[in-house]
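All figures in this text were calculated on a predicted structure; none of them were measured in a lab.
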Amino acid sequence: MPEETVPSAAITPDASRSTASSCLLGALGCGGVALVGVLVLVGTLAWGSSGSTDFPRVAPEEMANRALQRSQQVYGVMGFTRTIEPGVEDIGVSTENTFDSGYCYDGGLLGLEDKTVDGAYSMSHRWALDHVPASQAVPGFRRLRQFFKDDGWKITSYGEGEQGRDWELFVQRDDGAERMSFVWYPDREYFTGGASMPCAYDPEWKDGDVGPAGDNQRPPAFGPARRG
């Protein structure tokens with residue numbers, strides 16, 4: 001199956017260029033047109049960045065648990081049965097089962113700034129499994145792609161390893177607030193997965209605290225989701 005990616009948005013002619021050309025030719029009223037253009041641009045940027053820090057207040061432990069549950073669900077779809085202990089000994093070689101907490105950023109009123117938001121964090125869970133042969137990875141990867149399609153996720157990239165490439169699947173939902181990614185390396189029989197949760201405020205954050213909230217979370221042993 002050929003590699004599938006979401007196509008880029010079509011590029012349309014920039015009407016402002018023709019307006020600017022007319023202004024250079026001395027057409028009347030160009031100052032008013034330019035002012036309207038600036039106001040529209042400012043309004044668009046402000047609308048796009050409004051509410052960018054309106055995150056829910058959720059404890060890091062809860063967000064970490066949500067990320068772990070996502071990974072466990074995928075683990076079952078892939079058909080894996082081994083248990084992965086917490087931590088990682090050799091990144092890219094050994095098994096992995098780790099949490100990570102990252103900063104959340106505020107673009108400002110116009111979306112042009114790049115500053116961290118105090119007390120906000122984005123929790124993620126990363127896992128990896130070695131000794132995954134093609135007989136297990138290939139059918140599992142295809143099941144996983146169908147699972148996300150059926151569950152309403154947006155597939156942003158999917159490739160089945162043509163021409164010596166690695167297999168990969170990237171999905172998101174809620175306009176990218178929640179993301180998951182998976183890669184299988186056929187030459188090393190190595191599979192990696194990751195689940196990233198939306199930004200949230202730590203209810204226990206205090207002024208003066210440093211680092212992203214929740215950066216001390218440690219996952220339990222990881223395996224297929226338990227069925228009640």
(message) I'd like to know whether I155 forms a side-chain contact (heavy atoms from CB on, under 4.5 Å) with R145, so could you lay out the CA-CA distance, the side-chain angles of the two residues, the decisive distance to 0.1 Å, and finally the verdict.
(response) CA-CA 8 Å; I155 297 177; R145 174 175 178 263; 3.8 Å; yes
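A distance below 6.0 Å separates the ring centres of F80 and F191. Between H125 and F222, a ring centre-to-centre spacing shorter than 6.0 Å is recorded.
The CG atom of D202 sits 9.0 Å away from atom CE of M123, with the distance rounded to the nearest 0.5 Å. With values rounded to the nearest 0.5 angstrom, H131 atom NE2 is found 8.5 Å from E189 atom CD. To the nearest 0.5 Å, atoms CD (E178) and CZ (R66) are separated by 9.0 Å. To the nearest 0.5 Å, atom OG1 of residue T116 and atom OH of residue Y105 are 7.0 Å apart.
Note: Y75 and W127 have perpendicular aromatic rings, judged against thresholds of 30 and 60 degrees for the angle between ring planes. Using a 30° and 60° split on the angle between ring planes, W167 and F141 fall in the perpendicular class, above 60°.
The backbone N or O of S122 sits nowhere less than 3.5 Å from a side-chain atom of Y103 that would complete a donor-acceptor pair. D174 places no side-chain N or O within donor-acceptor distance of the main-chain N or O of G176, the cut-off being under 3.5 Å. Remark: side-chain polar atoms of D166 are not paired, donor with acceptor, to backbone N or O of V183 under 3.5 angstrom. Using modelled atom types, one side-chain atom of R143 and one backbone atom of M78 make a donor-acceptor pair closer than 3.5 Å. In this structure, T95 contributes its side chain and I84 its backbone to no donor-acceptor pair below 3.5 Å. S124 places a side-chain N or O within 3.5 Å of a backbone atom of D100 that can act as its donor or acceptor partner. Side-chain atoms of T156 come within 3.5 Å of backbone N or O of F170 as a donor-acceptor pair. Judged purely by atom type and a 3.5 angstrom limit, W153 has no side-chain atom pairing as donor or acceptor with the backbone of F147. Under the 3.5 Å distance criterion, the side-chain polar atoms of Y201 are matched with a main-chain donor or acceptor of T53.
Clustering ILVMFWY residues whenever any of their side-chain heavy atoms sit less than 4.5 angstrom apart, transitively, puts L129 in a cluster other than the one holding Y185. Using a 4.5 Å cut-off between side-chain heavy atoms of Ile, Leu, Val, Met, Phe, Trp and Tyr, with links allowed through other members, Y190 and W184 fall into different hydrophobic clusters. In the hydrophobic clustering of ILVMFWY residues, with side-chain heavy atoms under 4.5 Å counting as a link, V77 and L169 come out together.
Inter-residue side-chain proximity for P60 and Y121 is flagged as met; some heavy-atom pair is nearer than 4.5 Å. Looking at F182 and T192, their side chains never come closer than 4.5 Å, going by heavy atoms from C-beta outward. Between W205 and D118 the shortest side-chain heavy-atom distance falls below 4.5 Å.
Look at K154 and D175 and you find no salt bridge, because none of the NZ, NE, NH1 or NH2 atoms lies under 4.0 Å from a carboxylate O. Residues E160 and R142 are paired through a salt bridge, judged by an N-O separation under 4.0 Å between the basic side chain and the carboxylate.
A donor and an acceptor atom, one from each side chain of E61 and N65, are nowhere located under 3.5 Å apart. Residues E168 and S157 bring a donor and an acceptor atom of their side chains to less than 3.5 Å of each other. With no hydrogens or angles considered, no side-chain donor-acceptor pair links R126 and T98 at under 3.5 Å.
Atom CD of E204 sits in a sparse spot, with 12 or fewer heavy atoms from other residues, nucleotides or ligands closer than 6.0 Å.
Residues M180 and S71 share a closest heavy-atom pair of CE-N, 4.4 Å.
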